[in-house]
S.K.: 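I have a structure I would like to understand better, so I am pasting it below and will then ask my questions one at a time.
Both counts, for ligands and for their atoms, begin at 1 and track the order of listing. These numbers come from a predicted model, not from an experiment.
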Amino acid sequence: AKKQGKRRFQLFSPAMHTNVTRRLIMESNLRKGFQNQEFVVMYQPKFDLATGKVGAMEALVRWDRPDLGMVSPAEFIPLAEESGLIVPLGEWVLRQACLTTKELRNQGMEDLVVSINLSTRQLLWQHDLASMLAEILTECELPPSALDLELTESAVMHNVEGAIGTMDDLRQMGISLSLDDFGTGYSSLKYLKRFPIDVLKIDRSFVKGLPDDPSDVAIVISIISMARAMGLKVIAEGVETIDQLRFFLHNEVDEVQGFIFSRPLVKSRLAHALRESEDL
Ligand code: C2E
Ligand code: CA
Ligand code: CA
Ligand code: CA
């Protein structure tokens, strides 16, 4: 019995204990943090390779905790999904991002488009999604063409028919749709053909190995040619090196996004970066 007790005790290594504690603290504080306005939206420019200018930006949310510092969305978005907080949080991100976009459009970036990530729950179970979006666009005096929604392949595949229904509605409103993290999920080409989307985003996991890894090269080239054949725009995310940028210039993707150009920026720094790109 003594032995067993000891073994059971060892199941909780110090590292595990820390992870469990951290998760519990985060769960119970997520809602409080939202009420205390601890969330910030940052923006990462997307460069249009044809014009050499910033045509769009992706809104990325962060949780700036007084005790823990910046918490990555990769960590708290799943918790927000589970607890349902994603609905008010998602609406807040949408409103912030649209307000910022309106401000920047007023400052001369007339055609600026903002991309916003939608979670599985928002896409599949938030029944007032379309009316909420329409309301925010009206409130911010933005045309629907200023908005692009990034949907992950796994969210769409979770309920293909349901997702396609909502996607049709959103597109009919004039909002553009991007399929995010493309290639990491399980969608077959049969489905891809049916998705009412405008843009394919090549996932960073394939970009990482470019231009040296022959299988990444093969995958990325086939994604690009497939997207082109289907009349879709292609964006590469996670572009970090000059050689990767050269690869995408050579293979003619429409837009690139990544640390080589800019990390996600707070609103004030973004305005500055955008003006610089206009002066190029
Ligand atoms: P994602 O949509 O695939 O976003 C791209 C992630 O890659 C971002 O991480 C971005 O900061 C990072 N990134 C951009 N360029 C580079 C690069 O050159 N190198 C590297 N190593 N990383 C790069 P982030 O901001 O931590 O976001 C992680 C994920 O959290 C996002 O992945 C997205 O799925 C989710 N997320 C972020 N904001 C929101 C949001 O407002 N709503 C929802 N539902 N999900 C969000
Ligand atoms: Ca995204
Ligand atoms: Ca992505
Ligand atoms: Ca990704």
Side-chain angles (χ1 to χ4, degrees), residues 30 33-34 38-47 54 56-64 69-101 113-126 129 132-133 136 147-156 158 163 176-185 197-210 233-245 247-248 255-266 269-270 273:
L30 200 60
F34 183 58
E38 291 170 4
F39 289 85
V40 247
V41 182
M42 296 184 85
Y43 301 91
Q44 187 179 38
K46 293 180 175 181
F47 281 78
V54 177
M57 59 189 186
E58 179 176 3
L60 294 158
V61 68
R62 270 109 186 78
W63 183 12
D64 191 0
M70 285 288 184
V71 185
S72 156
E75 212 171 336
F76 67 77
I77 291 287
L79 291 179
E81 282 236 24
E82 275 171 39
S83 66
L85 187 71
I86 193 70
V87 172
L89 176 64
E91 179 170 352
W92 179 82
V93 170
L94 275 159
R95 187 168 276 110
Q96 292 302 309
C98 285
L99 285 171
T100 298
T101 305
V113 171
V114 66
S115 293
I116 300 171
N117 294 284
L118 270 200
S119 74
T120 308
R121 186 159 174 152
Q122 288 172 291
L123 176 70
L124 297 179
W125 298 297
Q126 190 175 342
L129 180 69
M132 179 197 73
L133 287 166
I136 292 178
L147 184 57
D148 170 71
L149 296 174
E150 296 193 2
L151 317 171
T152 62
E153 187 186 351
S154 65
V156 175
H158 194 87
S176 113
L177 300 179
S178 296
L179 195 56
D180 203 356
D181 298 347
F182 183 71
T184 60
I197 53 168
D198 305 278
V199 183
L200 265 192
K201 266 192 110 168
I202 303 171
D203 191 67
R204 176 158 63 89
S205 58
F206 303 117
V207 174
K208 245 195 255 171
L210 299 179
K233 227 166 101 172
V234 207
I235 301 190
E237 72 172 11
V239 178
E240 293 183 352
T241 70
I242 286 282
D243 285 341
Q244 288 166 351
L245 176 59
F247 178 92
F248 288 117
E255 290 176 14
V256 289
Q257 185 184 359
F259 293 170
I260 190 173
F261 288 114
S262 173
R263 293 188 172 254
L265 302 170
V266 292
R269 303 235 1 239
L270 174 84

S.K.: Measure up the F39 and W63 rings against each other and bin them: parallel (under 30°), tilted (30 to 60°), perpendicular (over 60°).
M.R.: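 Ring orientation, 0 to 90° scale: parallel.
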S.K.: Is there a side-chain contact between Q44 and F259 (heavy atoms, below 4.5 Å)?
M.R.: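 With C-beta onward as the side chain, the pair touches.
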S.K.: Could you please spell out the steps behind the side chain to side chain donor-acceptor pair (under 3.5 Å) verdict for D181 and T152?
M.R.: CA-CA 6 Å; D181 298 347; T152 62; 5.5 Å; no
S.K.: I'd like to check which ligand 1 atoms, numbered from 1 as shown, lie under 4.0 Å from a non-hydrogen atom of P264.
M.R.: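 Counting from 1, the qualifying ligand atoms are 11 (O).
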S.K.: Verify the distance test for D180 against the Ca ion (ligand 2): any N/O/S atom under 3.0 Å, yes or no.
M.R.: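 Yes, since at least one N, O or S atom of D180 sits under 3.0 Å from the Ca ion (ligand 2).
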S.K.: Pull out every atom of ligand 1 sitting under 4.0 Å from any heavy atom of V61, numbered as shown with elements.
M.R.: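 Listed by number with element, the hits are 38 (N), 39 (C), 40 (C), 41 (O).
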S.K.: Can the ring centres of F47 and F248 be said to be less than 6.0 Å apart?
M.R.: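 F47 vs F248: aromatic centres not under 6.0 Å.
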S.K.: Rounded to 10°, how many degrees is the angle OD1/N117-the Ca ion (ligand 2)-OE2/E58?
M.R.: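 An angle of 90° at the metal.
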S.K.: Have a look at ligand 1 and work out which part of Q44, if any, has a heavy atom under 4.0 Å from it: side chain, backbone, both or neither.
M.R.: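 Side chain only.
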S.K.: Within the 4.0 Å heavy-atom shell around D180, which atoms of ligand 1 are there?
M.R.: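 Near D180, the atoms of ligand 1 are 2 (O).
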S.K.: Taking the non-hydrogen atoms of M42, is any one of them nearer than 4.0 angstrom to ligand 1?
M.R.: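 No heavy atom of M42 comes that close to ligand 1.
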S.K.: Quick one: which ligand 1 atoms are inside 4.0 Å of a heavy atom on E58?
M.R.: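 Per the distance check, 2 (O), 4 (O).
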S.K.: Going by the order shown, which atoms of ligand 1 are within less than 4.0 Å of some heavy atom of G258?
M.R.: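 Taking each heavy atom of G258 in turn, ligand 1 has 15 (N), 18 (O) under 4.0 Å.
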S.K.: Looking at every heavy atom in both L124 and A155, which two are closest together, and how far apart are they?
M.R.: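 L124 and A155 have their closest heavy atoms at CD1-O, 3.7 Å.
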S.K.: Should you measure from each heavy atom of D181, which atoms of ligand 1 turn up under 4.0 Å away?
M.R.: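 Those of ligand 1 that fall under 4.0 Å from D181 are 3 (O).
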